[in-house]
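The structure appears below as structure tokens.
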Amino acid sequence: MIDRPPTSPPPCAVRLPVRPDAGRYLVLTAVFVCAACGLVYELELVALASYLIGDSVTQASVVLSVMVFAMGIGSLLAKRLRCRAAVGFGVLETALALVGGCSAMVLYAAFAWIGESRFVLVCFSLAIGVLIGAEIPLLMSLIQRISRRDAEGTVADLFAADYVGALVGGLAFPFLLLPWLGQLTGALLTGAVNAVAGGSLVLWLFRRDLTARWRGWLLVANVTVLAVLATATVMADDFERAARQAVYGDEVRVAVHTDVQEVVLTGSRSGPPDLFLDGRLRVSGRDEYRYHEALVHPAMLGPHARVLILGGGDGLAAREVLRYRDVESVTVVELDPGVVRLARTDPALSVLNEHAYRDPRVRVVIADAFTWLRVPRGAYDVVISDLPDPGITPSTKLYSQEFYGLAARVLAGGGRLVVHAGPPASRPRTFWTVDATLRAAGFRTSPYCGGAMSALHGWGFLLAATGWAPDLGLAPGAPRLRALDPSELAAGAWCAERTRLPGLPPSTLVHPRYAG
């Protein structure tokens with residue numbers, strides 16, 4: 001007679017208001033909904049942190065790595081609750097709905113009124129990760145109480161529902177929640193769905209597993225959380241206006257969410273406006289002319305009948321180009337039609353750009369500059385790259401060797417390309433990396449600083465051409481310019497000579513094959 005190892009007794013069957021098979025599908029549906037909500041919370045934190053702090057790669061890495069670590073902790077902690085899985089899951093989902101639903105609003109509040117949101121971001125990532133990690137062990141215990149299937153099949157079903165739910169949540173966030181509801185309201189609605197799904201499963205399907213006292217506590221807790229989320233949703237617009245005033249001041253004139261970014265215009269109607277894109281100052285009405293004159297005028301020395309402006313939807317670079325009467329055409333390639341619409345219709349901004357878009361020589365193309373340059377175009381005498389700062393991760397491709405190679409294809413013989421490359425003093429590594437990337441793409445460059453009296457203050461630019469080294473000079477009305485040399489920046493945080501190739505380490509901005 002062969003001795004068999006003892007087996008654990010099957011879990012005690014629980015009395016359900018539905019048949020066991022129906023109960024099993026209801027549990028899997030709850031897994032699906034909870035997984036979708038959990039992924040929305042993660043993406044919400046990543047999106048808001050990228051907007052508030054910047055550098056989306058770093059913020060995504062912090063949020064996801066902290067959450068995955070916290071999920072492991074949550075799985076371990078859930079072992080203590082498996083003996084009372086129904087109560088534990090009910091409490092868990094109530095807490096997750098409250099924490100996840102309010103996470104975006106609290107993170108935004110910390111940024112607006114405290115000025116620092118990194119610590120809050122890590123805390124929410126840890127809390128949400130722990131709660132999400134504890135879900136599957138508790139759901140496993142619940143489904144085993146109503147399902148007589150083998151453990152392997154149950155695990156497969158649970159993970160399948162979890163992964164499909166994560167897929168739906170991941171697609172719903174960018175295509176439904178974010179464009180239709182916005183970050184704050186989208187997170188609050190997700191928390192409400194989470195609370196309803198978790199509360200319904202426990203308070204109805206597993207109600208006979210709960211004592212009357214626990215049913216009452218969970219019911220009160222769920223109703224309270226739903227009331228908090230509903231109240232926050234009603235007050236979301238007022239909260240957002242107050243937070244904007246805390247960030248931008250009391251003179252917020254326009255605040256819109258386009259399909260691309262948040263656009264905020266501040267300032268009095270009688271004074272010059274300030275333009276913010278995704279929380280970053282893009283145009284300072286009082287001194288923007290220093291930047292745009294330094295960007296445009298050096299490139300206009302020489303033939304300039306046809307000019308291409310990449311970015312510059314605010315119309316300010318076009319304003320400077322149109323000062324030359326012999327310019328025949330100006331093509332502005334802008335990604336966000338909302339910025340162009342604002343530049344055309346807002347009284348203060350249209351006065352600032354001197355109604356550049358009314359000029360018949362100006363043609364606007366709404367497109368991604370990188371994609372637009374892929375299609376063969378006519379030849380341009382001047383290409384002006386008035387694009388987001390090179391330190392912002394989403395704009396990295398617009399400072400790549402491939403992008404500059406595409407720009408070289410549309411330049412006429414003797415044409416010039418000018419690029420804003422960031423402040424050379426505070427970020428010399430970025431500035432000289434852009435310079436090295438242009439050289440890798442076959443350009444010869446003339447680095448210069450404009451908008452200030454010295455290289456230690458002001459904007460850094462690169463005037464580039466193929467086949468010849470462009471000379472810096474002063475066009476009519478041009479600002480004071482100064483040519484830069486790496487030795488001028490040696491007193492900075494990084495020795496500028498070390499930021500030049502071949503000493504420059506591999507970068508996302510520089511093609512690794514370049515050894516020049």
Side-chain angles (χ1 to χ4, degrees), residues 29-49 51-52 63-64 66-67 70-71 74 88-111 117 120-136 138-139 162 165-204 217-240 243:
T29 301
V31 175
F32 170 86
V33 174
C34 291
C37 293
L39 195 62
V40 169
Y41 298 144
E42 294 182 24
L43 296 176
E44 196 74 61
L45 288 178
V46 170
L48 195 56
Y51 164 64
L52 298 178
V63 171
L64 297 180
V66 170
M67 275 195 170
M71 287 169 63
F89 185 74
V91 173
L92 181 80
E93 291 307 300
T94 303
L96 182 58
L98 180 63
V99 174
C102 296
S103 59
M105 186 170 283
V106 175
L107 189 63
Y108 195 16
F111 171 79
S117 52
V120 179
L121 174 68
V122 173
C123 289
F124 271 107
S125 300
L126 278 171
I128 294 174
V130 168
L131 295 172
I132 292 176
E135 284 179 333
I136 291 296
L138 296 179
L139 287 166
D162 186 72
L167 171 66
V168 172
L171 295 177
F173 175 72
F175 296 113
L176 296 177
L177 294 177
L178 200 56
W180 288 3
L181 299 176
Q183 292 177 325
L184 303 185
T185 305
L188 293 168
L189 178 63
T190 303
V193 172
N194 202 163
V196 170
S200 301
L201 184 72
V202 173
L203 293 173
W204 179 68
W217 277 112
L218 288 176
L219 181 61
V220 170
N222 275 273
V223 170
T224 302
V225 168
L226 288 174
V228 170
L229 296 175
T231 303
T233 302
V234 172
M235 299 176 60
D237 290 341
D238 293 335
F239 169 84
E240 202 164 359

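Predicted, not measured: the structure shown is a model, and the values here were computed from it. Starting from 1, each residue takes its place in the sequence as its number.
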Checklist entry - Shortest non-hydrogen contact from A166 to A35? => result N-CB, 3.9 Å
Item to check | With sequence neighbours excluded, residues passing side-chain contact (heavy atoms from CB on, under 4.5 Å) with A134 | outcome: A78, L92
Checklist entry - Is F32 close to V168 at the side-chain level, that is, under 4.5 Å between some pair of heavy atoms? => result yes
Checklist entry - Quick one: CG on L98 to CG on L229, what's the gap to the nearest 0.5 Å? => result 6.5 Å
Checklist entry - Does the side chain of T233 come within less than 4.5 Å of L189's, by heavy atoms? => result no
Next on the checklist: Set out, in order, the CA-CA distance, both residues' side-chain angles and the distance that settles side chain to side chain contact (heavy atoms under 4.5 Å, CB included) for V130 and V99, then state yes or no.
Outcome noted: CA-CA 11 Å; V130 168; V99 174; over 6 Å; no
Checklist entry - Would you call L45 and I128 a side-chain contact if the rule is heavy atoms closer than 4.5 Å? => result yes
Checklist entry - Nearest 0.5 Å, what's the CD-CG distance between E44 and L184? => result 7.5 Å
Item to check | Straight-line distance of L43 CG to L48 CG, nearest 0.5 Å | outcome: 12.5 Å
Checklist entry - Between CG of L188 and OG of S103, what distance do you get to the nearest 0.5 Å? => result 8.5 Å
Item to check | Pairs satisfying side-chain hydrogen bond (donor to acceptor under 3.5 Å, both in side chains), at least one member in residues 217-231, at least two apart | outcome: T94-N222
Next on the checklist: For the CD atom of E42 and the CZ atom of F124, what is their distance to the nearest 0.5 Å?
Outcome noted: 14.5 Å
Item to check | Least distance between heavy atoms, L121 atom then A49 atom | outcome: CD2-CB, 3.7 Å
Checklist outcome for this item: In short, L181 meets G186 closest at the heavy-atom pair CB-N, 3.9 Å
Checklist outcome for this item: Value for CG (L52) from CG (L107), rounded to nearest 0.5 Å, stands at 5.5 Å
Item to check | Derivation and outcome, side chain to side chain contact (heavy atoms under 4.5 Å, CB included), residues L96 and E135 | outcome: CA-CA 10 Å; L96 182 58; E135 284 179 333; 3.2 Å; yes
Item to check | Pairs involving residues 168-195, ordered by first then second residue, that meet side-chain hydrogen bond (donor to acceptor under 3.5 Å, both in side chains) (sequence neighbours left out) | outcome: Y41-N194, E93-N194
Next on the checklist: Is there a side-chain contact between L139 and L201 in this structure, where contact means two heavy atoms from C-beta onward sitting under 4.5 Å apart?
Outcome noted: yes
Item to check | Closest heavy-atom pair and its distance - G191, A97 | outcome: O-CB, 3.1 Å
Item to check | Closest non-hydrogen atom pair between Y108 and E240, with its separation | outcome: CE2-CG, 4.0 Å
